[in-house]
Amino acid sequence: MQAVVVTPERRLVVEELADPVLEPGTVMLRVERCGICGSDLHLRSEERIVAPGAVLGHEIVGTVLDVGAGVAGWAPGDRVASYHAVSCGTCERCTAGRPHMCAQALQLSLGLGTTQGGYAEQIVVPPVLLHAIPEHVSFDEAALTEPLAIGLHGVNQAEVAPGDTVCILGAGPIGTMLALALRVRGIDDVVLVDPNPFRREAAAALGFWAVDLDEVETAVTKVLGGTPRAVLEASGHITSPGLAVQLVGPTGRVVLQGRPPAPVEFDQRLVVSKELRIVGAVNCTAPEFAEALDHIAAGQVPVEVVSDVISLAGADAMFDELLSPGNTHAKVLLDPTVR
Ligand SMILES: [Zn+2]
Ligand SMILES: [Zn+2]
């Protein structure tokens, strides 16, 4: 099969690999779409985590090609969205309700360095990861399940409810999915902040308020009618956590979901005087993944969020584009069936 492989020079090239082997208790998928995630962009250059030869991609939707011995409930032709984390179920994190942070999950997750990901024509996965895609949902729409689940995870960490005001820093793919996750949870007073005019326009086209970084405090307070109850950091910019602490209202919550390139600074005096809570958000849980697919099936997520569907061979150049500030792409999907 063809797959996108990370080279020693940290580029992505299409190579002919041996087809994955269908073991008992596993399911073979033809990959129909695999989303390019912000984390993939970083993993391409992370030599410590991703060895040369690895196949990235964890936002996987496909069609079942074959099922191994002992697998019940799935048959060739089934259309599926695959969650990516295989947790152990017994460690301290798993039993504390944080299975998405299980050390085994991080090691065995699809496409995060050690296990083959979805940037390939085929993949073999444990059936426990699979969710059926309803007939009326397209593969493009279904490929938004994992990104929306990441948004739902950020919203869950924010502990916001309908009626709360929320500011999102960064209107890229994660910021957009956070805004949509807030909307499907009935939280409508949402403003996105982004210096990229294309991203502000795209957010506005989805019906969200979007403001520039200039005079941001005034702009955010104006559209929300006050200081935000929560600020969700989704830009990964080094100054963004400092801005979040500045913008959020008294007793508010700051959720950090971006991955800045270096340690960040914020004004602790503001955290103290406003009694803020700062919390991280990583990955998503299996229930959040299932909830996301339900919202997509209910037509609550516009497929326009997908800006490009490209071939495997286009991955490397697209990674470069997505890493350049000011780019005009939103969610980009690989389609291994496109040559
Ligand atoms: Zn992702
Ligand atoms: Zn575990």
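From a predicted model like this one, the values you see are computed outputs, not experimental measurements. Numbers for residues simply follow the sequence, beginning at 1. Numbering of ligands and ligand atoms starts at 1, following listing order.
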Would you call Glu217 and Lys222 a salt bridge, taking side-chain N to carboxylate O under 4.0 Å as the test? no

In terms of side-chain heavy atoms, does Ser45 have a donor or acceptor partner in Glu47 at a distance below 3.5 Å? no

Taking Thr165 for the side chain and Arg229 for the main chain, is one N or O donor matched with an acceptor at less than 3.5 Å? yes

Could you tabulate the donor-acceptor pairs under 3.5 Å formed by side-chain atoms of residues 141-148, not counting sequence neighbours?
| unit_1 | atom_1 | unit_2 | atom_2 | d |
| --- | --- | --- | --- | --- |
| Glu141 | OE1 | Ser138 | N | 2.8 |
| Glu141 | OE1 | Ser138 | OG | 3.1 |
| Thr145 | OG1 | Ala142 | O | 2.6 |
| Glu146 | OE2 | His84 | NE2 | 3.0 |

Ignoring waters, how many N, O or S atoms from the protein are under 2.8 Å from the Zn ion (ligand 2)? 4

Apart from Val125 itself, members of its ILVMFWY cluster (side-chain separation under 4.5 Å) are Val27, Leu29, Val31, Ile60, Val64, Val67, Val71, Trp74, Val80, Tyr83, Val86, Leu108, Leu110, Ile123, Val128, Leu129, Leu130, Phe289

Taking His153 for the side chain and Val282 for the main chain, is one N or O donor matched with an acceptor at less than 3.5 Å? yes

Step by step, work out the salt bridge (charged side-chain N to carboxylate O under 4.0 Å, His left out) result for Glu291 and Arg185. CA-CA 11 Å; Glu291 181 190 343; Arg185 289 282 187 82; 2.8 Å; yes

With a 4.0 Å cut-off, would you call Asp320 and Arg44 a salt bridge? yes

The Zn ion (ligand 1) - number of protein N/O/S atoms closer than 2.8 Å: 4

Closest non-hydrogen contact found for Cys94 with Gly89 is SG-N, 3.2 Å

